[in-house]
Amino acid sequence: MGSTGIEVSVLGLGTVNLGRNQEVKYPTGFTIPNDNEVRDLLSLSQELGINFIDTAPAYGNSEERLGQLMSNPNDWVIMTKVGEIFENGQSRFDFSAEHTRESIENSLRKLRRDYIDIVLVHSSGDDMNIIQQEDALAELDKLKQKGLIRAFGMSTKTVEGGLWVVEHCDVVMATCNLEYNEEQPVLDKAAELNKGVVVKKGLLSGYAGVAAGGQGVEKSFEHVLSQPAVSSMIVGTINRHHLQKNVELAEQYISIAD
Ligand code: NAP
């Protein structure tokens with residue numbers, strides 16, 4: 001992951017779907033998997049070589065379930081977030097230093113960890129305002145100095161925000177997919193500065209499954225993983241067949257890129 005010294009699998013597991021099925025933008029509705037299904041998904045992921053998991057306080061009870069259902073939370077590189085709170089079917093945002101500290105304390109307890117590997121500010125969309133007017137990033141830097149987190153950054157929604165994060169933080173989470181490449185300058189800058197890049201929405205939030213005449217998933221992996229800047233692509237799936245296929249495709253495109 002950039003110059004953090006943290007080693008992540010090129011495919012990471014997204015976990016919105018373990019804790020939340022309201023206000024999510026997937027092609028079809030889904031039932032949140034039960035405990036046995038989550039355990040199965042986690043152990044299959046590990047068997048297939050995935051060591052990286054993405055969660056957030058805004059993903060319902062995703063963090064809590066991961067802490068309970070991972071056989072050993074220390075076996076994973078865990079990335080979580082601060083700033084977005086999802087309650088009663090709605091998101092609100094708090095980027096204050098106080099909320100940032102409380103949020104990390106809650107995440108540590110829920111995830112059953114003494115430290116968190118990577119923490120990102122969960123942008124509301126107004127990246128530059130959060131960066132320039134709010135205290136969340138400065139507070140994450142302090143928590144890193146205290147050893148409670150190993151690396152930090154932001155899940156951005158703008159090119160300007162992404163570029164700032166790449167210059168000043170360890171990791172950026174950016175969008176890159178077959179239909180949206182506007183954040184390419186962020187990826188290029190990250191490659192130049194050797195910063196971590198985590199890709200979100202690489203499968204078009206699931207619409208890749210029906211795009212490009214049925215070839216959308218294959219083309220998506222090729223598109224994202226042929227980018228030298230990308231440290232890891234987070235894909236959310238609760239379907240073990242999709243998980244297996246995604247690992248096969250990721251391996252195929254990495255070996256081509258190599
Ligand atoms: P995505 O990874 O682009 O797509 C997930 C969807 O793709 C799910 O509906 C999944 O359905 C489907 N899928 C996965 N593999 C498939 C395959 N082989 N064939 C067909 N369909 C497949 O979606 P995303 O949730 O937008 O992004 C992924 C992760 O990024 C999230 O889980 C979350 O961790 C993170 N994220 C972060 C932010 C942020 O602001 N930080 C925003 C969005 C997402 P099945 O379960 O049926 O496989």
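Basis for what follows: all heavy atoms, side chains included, without hydrogens, waters or symmetry-related copies. Both ligands and their constituent atoms are indexed starting at 1 by order of listing.
If you check each of K201, H242, E218 against atom 27 (O) of ligand 1, the one with the closest non-hydrogen atom is K201. When the heavy atoms of P27, A58, S155, G206 are ranked by distance to atom 7 (O) of ligand 1, first place goes to G206. Which of G14, G236, S62 comes nearest to atom 2 (O) of ligand 1 through a heavy atom is settled by distance: it is G236.
The protein non-hydrogen atom at the shortest distance from atom 18 (N) of ligand 1 is N246 OD1, 2.8 Å. Ranking protein heavy atoms by distance to atom 29 (C) of ligand 1, first place goes to I234 CG2, 3.4 Å. Looking at atom 25 (O) of ligand 1, its nearest protein heavy atom turns out to be Y26 OH, 2.5 Å. The protein heavy-atom contact nearest to atom 37 (C) of ligand 1 is Y59 OH, 3.1 Å. Nearest protein heavy-atom neighbour of atom 26 (O) of ligand 1: S205 OG, 2.8 Å.
Shown in contact with K81 at under 4.0 Å from a heavy atom are these atoms of ligand 1, numbered in order with element: 41 (N). Near G202, the atoms of ligand 1 lying under 4.0 angstrom from a non-hydrogen atom of the residue are 3 (O). For ligand 1, the atoms sitting less than 4.0 Å from at least one non-hydrogen atom of T15 are 32 (O), 34 (O), numbered in the order shown with element in parentheses. In the vicinity of L204, heavy-atom distances shorter than 4.0 Å reach the ligand 1 atoms 3 (O). Close contacts between ligand 1 and D54 involve ligand atoms 33 (C), 34 (O), 35 (C) [criterion: under 4.0 Å to a heavy atom]. Under a 4.0 Å criterion applied to the non-hydrogen atoms of H122, ligand 1 contributes the atoms 39 (C), 40 (O), 41 (N). Set against the non-hydrogen atoms of V16, the atoms of ligand 1 under 4.0 Å away are 31 (C), 32 (O), 33 (C).
Using a 4.0 Å cutoff on heavy atoms, H241 does not count as a contact of ligand 1. Ligand 1 is never approached by F30 to a heavy-atom distance shorter than 4.0 Å.
In the model, E84 has a side-chain atom that pairs as donor or acceptor with a side-chain atom of S91 under 3.5 Å. A donor-acceptor contact closer than 3.5 angstrom links the side chains of K200 and S155. Using modelled atom types, one finds a donor on one side chain and an acceptor on the other under 3.5 Å when comparing T158 with D127. When only modelled atom types and interatomic distance are considered, D94 and S96 share a side-chain donor-acceptor pair under 3.5 Å. A donor-acceptor contact under 3.5 angstrom links the side chains of Q145 and D141, judged on distance only.
Proximity of a side-chain donor or acceptor of H223 to a complementary backbone N or O of K219 within less than 3.5 Å is not detected. In this structure, the side chain of K81 engages the main chain of T55 through a donor-acceptor pair within 3.5 Å. Judged purely by atom type and a 3.5 angstrom limit, N239 uses its side chain to pair as donor or acceptor with the backbone of H242. D117 contributes no side-chain N or O that, together with a main-chain N or O of M79, makes up a donor-acceptor pair within less than 3.5 Å. Without hydrogens or angle criteria, S9 side chain to N51 main chain gives a donor-acceptor distance under 3.5 Å.
Between E251 atom CD and L225 atom CG the span is 11.0 Å, to the nearest 0.5 Å. In this structure, CG on L243 lies 6.5 Å from CG on L13, to the nearest 0.5 angstrom.
Taking the charged nitrogens against the carboxylate oxygens, E218 and K245 do have a contact shorter than 4.0 Å, which makes a salt bridge.
An N or O contact shorter than 3.5 Å links I238 to ligand 1 by distance.
The part of V217 lying near ligand 1 is the side chain, judged by heavy-atom distances below 4.0 Å. With a heavy-atom cut-off of 4.0 Å, K25 does not touch ligand 1 at all. Neither the backbone nor the side chain of L120 comes within 4.0 Å of ligand 1, counting heavy atoms alone.
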